[in-house]
There are 2 protein chains.
Amino acid sequence: MSQTVDRALSILPLLAEGPADLGQVADRLGVHKSTALRLLRTLHEHGLVYRQSDQRYRLGARLFALAQEAMENLDVREIAHPHLVRLNESCGHTVHLAVYEENEVLYIDKVDSRYPVRMYSRIGKPVAITVAAVAKLLLADLPEHERRAVAEKLDYPAYTARSTPDATAFLRELEKVRQQGWATDLGGHEESINCVAAPIRGADGRVVAAMSVSAPNVVVTADELLTLLPLVRRTADAISGEYSGRTPSKGTV
Amino acid sequence: MSQTVDRALSILPLLAEGPADLGQVADRLGVHKSTALRLLRTLHEHGLVYRQSDQRYRLGARLFALAQEAMENLDVREIAHPHLVRLNESCGHTVHLAVYEENEVLYIDKVDSRYPVRMYSRIGKPVAITVAAVAKLLLADLPEHERRAVAEKLDYPAYTARSTPDATAFLRELEKVRQQGWATDLGGHEESINCVAAPIRGADGRVVAAMSVSAPNVVVTADELLTLLPLVRRTADAISGEYSGRTPSKGTV
DNA sequence: ATGGATGTTGCAGTAAGTGCAACGCCGCTG
DNA sequence: CAGCGGCGTTGCACTTACTGCAACATCCAT
């Protein structure tokens, strides 16, 4: 909508791939070097872009700080955190909290496993949306048509033999998840990792976030992990209660 | 330098404080509503801003993803991580990795304590620059005049009685740190928390990052923590070696 | 119904962004 | 060491694309 801003913002994903010099940026934007320079300077002033010693540009520190602050303003996260920690203490496994936002599901909190085998994931990282248990819960709650639209837009990477193969299978799975009120991912993302997840609901009953417990086969079998389901659901319900009860923490409506 | 972009980017920190509606944004930017609308729309298209159900704007998901990608492009982090984990396994305390960038020091990696008492800190969060052990190391390595300039620009919040009180004291401390090649923070940020830190150097000997081990008094005394210094330094040196050796991982110079 | 608040659109004026060309600064190389 | 080529930077004339306005749409509260 605004050309200048549009161009400037296009620089960010470009730099996310790795550092680039003025010429490269200008080329990839399709603008004159002087234009690119001015845009970069503006981004720089706002700290979104950093100029390293070899004069090339990189994404800047303010970006982290912003993402950080944004995260801390999410009240679900704040409320959920102590519950997640407690759950982790009682079962020892990795606990995740995720939300859905415009075709993406992302982790907004994580408590690491207390077993030596850790799984790779990072707060802020988009989730493997077609297979993750939390993603299924979040998408399952979308209105029918939107769910359908999203499902058909997605790619279905075959991470493992058990990954969701296509939109039809995914929609079927979502329907099942919606009815049973919980979800699993049994080796659909990483062959040896299983997850059990439960939804966190707002006052109106809509799913605002989802949480999961994940553990590799070498620690517990899928069946053993499933015995945790009641505990996971209870935790999620406790968070839902507190969240919809609107604890007087932040003044945001 | 570019007015439009400048205005658009000013929206981000504004929204970082919390969600805001169109009118508020327009007011705080000092522009007409229609202008603010167009800027917000552009930010929205790039996913930096999200429109929540009550029509108010929040920072968006792409921001997390960007910060994430930016972080993963930092090769120090990648190299250091396994070392940090190993250190954490051998001593059990919280381990941090931090870098300096334009008047800010920020954590770029963290391995949580294995003791029940956790300390608050988050990857991406700016560090208490006047007291943190890692900050001292990073600033101590700046060229004389720049160090001075930064020190004088800073605020010196009195977090505790042992916090660095002013620029003079800070510069003195930095000089000491520079000479001894390691740093501590003994209750300067949180009364009961101590840290020991060591620098990570690039091929040219300059400090590119710093790492620290932190533990609360209730777990180990400051003296006990100091006995870990040799281990911390050895770890930092190992990372330095690998970093300046330039392992053939990323193609970035 | 009516009023007010908030988000949205189309448009004319002009401010602000664009590309050009020229310059300065390196590092290479013959 | 002079000359060349690549890269970042600057000042400027041109005109594109951003701005603010005023009117409209929508929703909620009275």
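Computed from a predicted model, the values in this text were never measured in an experiment. Just so it is clear: chains get the letters A, B, ... in the order the sequence lines come, proteins before strands, and each one is counted from 1.
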For [X] and [N], give me the distance from atom [atom1] to atom [atom2], rounded to whole Å.
{"X": "A:H44", "N": "D:dG8", "atom1": "NE2", "atom2": "C1'", "value": "15 Å"}
{"X": "A:R56", "N": "D:dG6", "atom1": "CZ", "atom2": "P", "value": "19 Å"}
{"X": "A:L22", "N": "C:dG19", "atom1": "CG", "atom2": "P", "value": "13 Å"}
{"X": "A:Q24", "N": "D:dG6", "atom1": "CD", "atom2": "C1'", "value": "13 Å"}

- Query: For B:R41 and C:dT9, is the shortest distance between a side-chain N/O and OP1 or OP2 below 4.0 Å?
  - Reply: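 True: B:R41 side-chain N/O within range (under 4.0 Å) of C:dT9 OP1/OP2.
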
- Fit a plane to each ring of A:Y107 and A:H96, take the angle between them on a 0 to 90° scale, and name the class: parallel (under 30°), tilted (30 to 60°) or perpendicular (over 60°).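 Parallel.
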
Does [X] reach the main-chain N or O of [Y] with its side chain, forming a donor-acceptor pair under 3.5 Å?
{"X": "A:S212", "Y": "A:A197", "answer": "no"}
{"X": "A:T164", "Y": "A:T130", "answer": "yes"}
{"X": "B:Q180", "Y": "B:W182", "answer": "yes"}

Enumerate donor-acceptor pairs with a distance under 3.5 Å from any side-chain N or O in residues 137-144 of chain B to protein atoms, sequence neighbours excluded.
| from | atom 1 | to | atom 2 | distance (Å) |
| --- | --- | --- | --- | --- |
| B:D141 | OD2 | B:R206 | NE | 3.2 |
| B:D141 | OD2 | B:R206 | NH2 | 3.4 |
| B:D141 | OD2 | B:V207 | N | 3.0 |
| B:E144 | OE2 | B:R148 | NH1 | 3.2 |

- Item | Summary of protein contacts for nucleotides 14-30 of chain D, nucleotide by nucleotide, where a base hit scores B, a sugar-phosphate-only hit scores S (4.0 Å, heavy atoms) | ---SSBBBB--------

- Distance in Å, B:L12 CG paired with B:L43 CG, rounded so as to fall on 0.5 Å steps: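 Rounded to the nearest 0.5 Å, the CG-CG separation comes out at 5.5 Å.
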
- Message: Check this for me: does any side-chain nitrogen of one of B:E175 and B:R172 sit under 4.0 Å from a carboxylate oxygen of the other?
- Response: no

- Message: Let me check the geometry of the helix from C:dA1-D:dT30 to C:dG30-D:dC1. What is the bend angle between the axes at its two ends, five pairs each, to 10°?
- Response: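 Nearest ten degrees gives 30° for this helix.
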
- Query: Is there side-chain contact between B:H46 and B:R62, with at least one heavy-atom pair below 4.5 Å?
  - Reply: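 B:H46 vs B:R62: side chains apart.
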
